[in-house]
Protein chains: 2
Amino acid sequence: MARIDRSLIAHMDVFAGLSPDDLDVILERANSSRIPKYKPVFEQEAEASRFFLLLDGTVRVVQTTKDGHQIIARYLGTGSIIGIAPAIGRTTYPASAIAAVDCVVLCWPMALWPELTARFPLFAANSYKAVGARLQETQERVIELSVAQVEQRVANAVLRLVRQIGRKSEDGLLIDFPISRQDIAEMTGTTLHTVSRLLSSWEDLGVIKSGRQKVTVTDPHRLMLISEGKKDG
Amino acid sequence: MARIDRSLIAHMDVFAGLSPDDLDVILERANSSRIPKYKPVFEQEAEASRFFLLLDGTVRVVQTTKDGHQIIARYLGTGSIIGIAPAIGRTTYPASAIAAVDCVVLCWPMALWPELTARFPLFAANSYKAVGARLQETQERVIELSVAQVEQRVANAVLRLVRQIGRKSEDGLLIDFPISRQDIAEMTGTTLHTVSRLLSSWEDLGVIKSGRQKVTVTDPHRLMLISEGKKDG
DNA sequence: TTCCAGACTTGCGTTAGCGCAAACTCGGCG
DNA sequence: CGCCGAGTTTGCGCTAACGCAAGTCTGGAA
């Protein structure tokens with residue numbers, strides 16, 4: 001861990017409040033590595049031997065069920081801490097993390113987790129805060145799955161993606177990594193067919209533009225209305 | 001906090017690993033109180049002014065959406081720590097907690113949360129572990145809502161309830177607090193009608209017995225098959 | 001003991017969304 | 001430059017589950 005730009009790292013949420021010296025102690029124990037697009041950072045069920053900080057890129061967190069269904073738990077962007085299995089009382093990873101684009105991560109041996117959290121309570125607190133935030137998001141998703149129709153859920157998912165990792169393009173807000181209909185289906189508990197139909201209808205309405213593994217939102221406001229179940233404006 | 005039996009408390013998960021002295025310090029700051037059946041321990045959106053340890057009973061954690069839908073996030077039993085909003089980065093309670101039966105709780109002013117977690121890292125870690133466990137459960141629920149049919153979800157919910165807070169009765173495993181069809185519907189993202197139909201059909205099969213706000217599982221194994229989508233045995 | 005409200009049951013029509021299947025599109029590789 | 005296959009679109013029939021409505025049951029209050 002020598003040639004990574006610290007000024008960026010220092011501002012990441014997990015390190016909030018830490019002194020530069022403390023930061024040094026933590027960072028000098030880390031290794032950085034590149035994860036090419038579509039390669040896993042870690043895999044579900046594997047021994048949780050390392051934890052990671054995403055320095056650049058986006059990862060897709062995926063769970064696979066016994067009967068072969070895949071569910072996208074979430075996308076995580078730059079600055080996210082991932083793979084902290086012990087924080088939720090596990091020794092294996094509960095999900096796989098796949099690079100959605102080329103990524104750069106820092107990683108630490110998991111053996112350092114108890115040590116670092118004990119020595120740097122702020123680091124621990126920040127990490128746990130991330131877990132708490134994920135709990136809240138997940139809970140919101142439960143509510144959505146329980147009470148909202150598919151169209152609203154898909155609209156919401158697209159909006160969330162755009163907000164989290166959207167980029168302005170000439171046509172509107174572009175989701176900044178390849179995402180298929182299947183992916184959106186796995187985020188919303190539906191099928192790629194239904195997603196395709198919905199995206200098509202939205203495209204007819206002029207709310208989005210979409211192509212192969214690409215979605216651009218041209219009328220976010222309208223899409224928000226849809227996500228609230230108000231189909232017409 | 002004087003007349004509560006410490007031997008029971010000392011064995012609760014949140015206090016695992018703490019010395020008796022540390023435990024004393026924590027407990028002497030607490031107040032105990034009785035929450036009668038159906039009364040709230042705390043309410044969604046309210047300022048999170050206190051956190052609680054459930055000494056006896058069962059609480060129902062409920063979220064209400066803007067459009068008036070209720071969702072039961074989970075049931076928590078004796079030994080659960082609840083209302084720790086700051087652990088997930090909030091200053092208000094994200095949900096309401098309602099006593100499902102007469103309950104006894106300990107409570108601390110929220111102002112003590114930073115102090116106690118800082119002073120007793122094991123207490124902090126145990127609390128955060130609880131958050132982590134809830135994240136995992138919630139995530140599993142997302143998966144279930146995404147891929148499983150209503151019948152499987154309801155079967156699973158009943159099994160979970162029985163496991164968590166079931167009591168042996170002459171007929172089988174009884175869910176040990178009043179639970180309505182509506183409640184089960186709010187746990188599984190369906191309607192009381194559908195739940196009623198399912199329970200009726202299971203009763204015909206001899207898998208359960210049920211009455212007003214009461215469910216007894218007589219054939220857990222069969223119910224498990226149903227929850228796995230294998231309707232026949 | 002009677003009454004009542006809240007819990008539950010059940011029939012019926014409707015529909016959102018699934019599953020299958022067939023066709024199309026397009027980016028990249030040979 | 002043409003082919004190939006993954007990603008996508010779309011039509012069609014089907015069904016799980018909802019929503020409504022009209023009951024029945026039951027435990028506790030009066």
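Below, chain A is the first sequence line, B the second, and so on; all start at residue 1. These numbers come from the heavy atoms of this one structure, side chains and all, not from hydrogens, waters or symmetry mates.
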Check: Is the shortest side-chain N to carboxylate O distance from A:Glu144 to A:Arg160 below 4.0 Å?
Finding: yes
Margin query: My understanding is that only residues two or more places apart in sequence, or in another chain, count here; which of them pass side-chain contact (heavy atoms from CB on, under 4.5 Å) with B:Glu140?
Written below: none
Next item on the list: Would you kindly give the CD-to-C1' distance between B:Gln213 and D:dG27, to the nearest whole Å?
Entry: 10 Å
Margin query: What's the angle between the local helix axes at either end of the helix from C:dT1-D:dA30 to C:dG30-D:dC1, using five pairs per end and rounding to 10 degrees?
Written below: 30°
Check: What are the 5'-most and 3'-most nucleotides of DNA chain C lying under 4.0 Å from any heavy atom of chain B?
Finding: C:dG6 to C:dC12
Next item on the list: Could you pull out all residues at least two apart from B:Ser127 that satisfy side-chain hydrogen bond (donor to acceptor under 3.5 Å, both in side chains)?
Entry: none
Check: Under a 4.5 Å cut-off applied to non-hydrogen side-chain atoms, are B:Thr65 and B:Ile71 in contact?
Finding: yes
Margin query: Output one letter per nucleotide in nucleotides 17-26 of chain D: B when a protein non-hydrogen atom lies under 4.0 Å from the base, S when only the sugar-phosphate is that close, - when neither is.
Written below: SSBBB----B
Check: Rounding to a whole Å, what distance do you find between B:Tyr38:OH and D:dG28:P?
Finding: 10 Å
Checklist line | Heavy atoms from other residues, nucleotides or ligands near CG of A:Asp171 exceed 12 (cutoff 6.0 Å) | finding: yes
Checklist line | Under 3.5 Å donor-acceptor, A:Thr190 side chain and A:Val150 backbone | finding: no
Note to self: Strictly by ring pair (Phe, Tyr, Trp, His ring centres under 6.0 Å), give each pair with a member in residues 133-163 of chain B just once, sequence neighbours left out.
What the structure shows: none
Check: Just wondering, do A:Arg50 and A:Tyr93 contact through their side chains at under 4.5 Å, heavy atoms?
Finding: yes
